[in-house]
Protein chains: 2
Amino acid sequence: MSSAARTRDGNTAERILDVAEQLVQERGFNAFSYADIAAELGITKAALHYHFASKAELGQALIDRYAARFAGALTDIDAAGGDAPARLHAYADLYLNVLRDQRMCLCGMLAAEYRTLPEAVRSTLLEFFDDNEGWLAEVLESGRSTGQLAFTGPARDVARVVVASLEGAMLIARPYGDLGRFQVAATQLLAGLVAKASSPS
Amino acid sequence: MSSAARTRDGNTAERILDVAEQLVQERGFNAFSYADIAAELGITKAALHYHFASKAELGQALIDRYAARFAGALTDIDAAGGDAPARLHAYADLYLNVLRDQRMCLCGMLAAEYRTLPEAVRSTLLEFFDDNEGWLAEVLESGRSTGQLAFTGPARDVARVVVASLEGAMLIARPYGDLGRFQVAATQLLAGLVAKASSPS
DNA sequence: GTCTATAGGCAGATAGAC
DNA sequence: GTCTATCTGCCTATAGAC
């Protein structure tokens, strides 16, 4: 990966973010240093400070980029035009693909470290979850209106459970190194939302 | 709290563990130092090293004590003699009470930091989750056999979803500082497991 | 935009007095 | 069991040459 990163394009700032992102997702924001990134990219720590003056600034850039990319993925799911169950499945797959690289969700990791984060990063983090819940709530509501999904109470509350459960499933599946653990949990979670074929008695 | 800690009993090792535990649950294992504990207890870093020679050793003692205490709580729930739904509710309350102190589950926090942990701590961490899942699986199975709980598939898989969902709900509720967020999630989760009153048609 | 060099501080850890 | 004193090393960050 070290050589691959050096081979091609991408301005240095992007490559720094790529490495930093991986480090945060694997170890946490408080468990990596500028030296780690510099070594990986074959540049000096001073060069890093040119692009991101402080670690707090780097953290802000990380979460901004991650949130934007995630929002883009949700837009892509919408554009694909599937029904509500299909969208939920696609949503869970976003998490699965992160876990595939043996990474925790960047925002789930930062949520654990919340108390140690710069204030700006904190609020961006909450916005990330708000956006996810908002998108999910719409999907859930539309699925309920077509009769494809079945649940009781506010869609927003159910959306929160979905986000929390997927984050939790990642959190625990990762130490076990067991993708199947996550998949079983996600499958069960979604199965509980899909309307059962009503066999009229 | 600093003064309270100094007022009473408990050998120093226990007081060290108390402070360290709080710090890990609030910030993470990689975001506190011996200096933090020493300052809180009014002793020196050197004194800390007498009780726990290395930070890895301290981490091991922390997770050992936490796991033992949690196991004791499960035994207490069993001893109370409630039915399966009552036991599940009591289990969720264990998490709620941790969150009440604005703390993350110690093991959930360590799960996020898994890649940075000493090997011994890693395996103890997995045992913690194994034990929780095992206890829950028994409760679920017994509840299903009495008809009070309803779910499909292996009880162990459902147990895993329960643990993951509760951990995830804590992870996200804590940044929001919103206990209600966790409670709603826990309520929904358990409601999905309780058998619906079957109105024979 | 990246470098060398270095500041200033805090990390985990140890030696040895009391 | 706790202390003072100290070590070594890494941390984030900066100054200034190229």
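By convention in this document, chain letters (A, B, ...) are assigned in the order of the sequence lines, proteins followed by strands, and residues within each chain are numbered from 1.
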Closer than 3.5 angstrom, by distance alone: can the side chain of E113(B) be matched with the main-chain N or O of F29(B) as a donor-acceptor pair? yes
Report, one line per pair, each donor and acceptor closer than 3.5 Å where one atom sits in a side chain of residues 157-165 of chain A; sequence neighbours left out.
from	atom 1	to	atom 2	distance (Å)
R160(A)	NE	E133(A)	OE1	3.2
S165(A)	OG	V161(A)	O	2.8
S165(A)	OG	S165(B)	OG	2.9

List the residues meeting ring pair (Phe, Tyr, Trp, His ring centres under 6.0 Å) with F52(B), not counting sequence neighbours, and say none if there are none. none
Tell me whether the guanidinium CZ or amine NZ of R174(B) lies under 6.0 angstrom from the six-membered ring centre of Y114(A) and within 45° of its axis. no
Mind calculating the distance between CG (N30(B)) and C1' (dC10(D)) to the nearest angstrom? 14 Å
What's the CD1-P distance between I37(A) and dC11(D), to the nearest Å? 11 Å
Applied to residues 44-59 of chain B, the side chain to side chain donor-acceptor pair (under 3.5 Å) test, sequence neighbours excluded, yields none
Judged by atom type as modelled, is there a donor-acceptor pair below 3.5 Å linking the side chain of D101(A) to the main-chain atoms of R103(A)? no
Taken in chain and number order and not counting sequence neighbours, the residues that satisfy side chain to side chain donor-acceptor pair (under 3.5 Å) with R156(A) are none
Short side-chain donor-acceptor distance under 3.5 Å, D18(B) and Q22(B): no
Which residues, if any, of residues 48-56 of chain A bring a heavy atom under 4.0 Å of DNA chain C? Y50(A), H51(A)
Under 3.5 Å, N/O pairs linking protein and nucleotides 3-10 of chain C:
from	atom 1	to	atom 2	distance (Å)
dC3(C)	OP2	T44(A)	N	2.7
dC3(C)	OP2	T44(A)	OG1	3.1

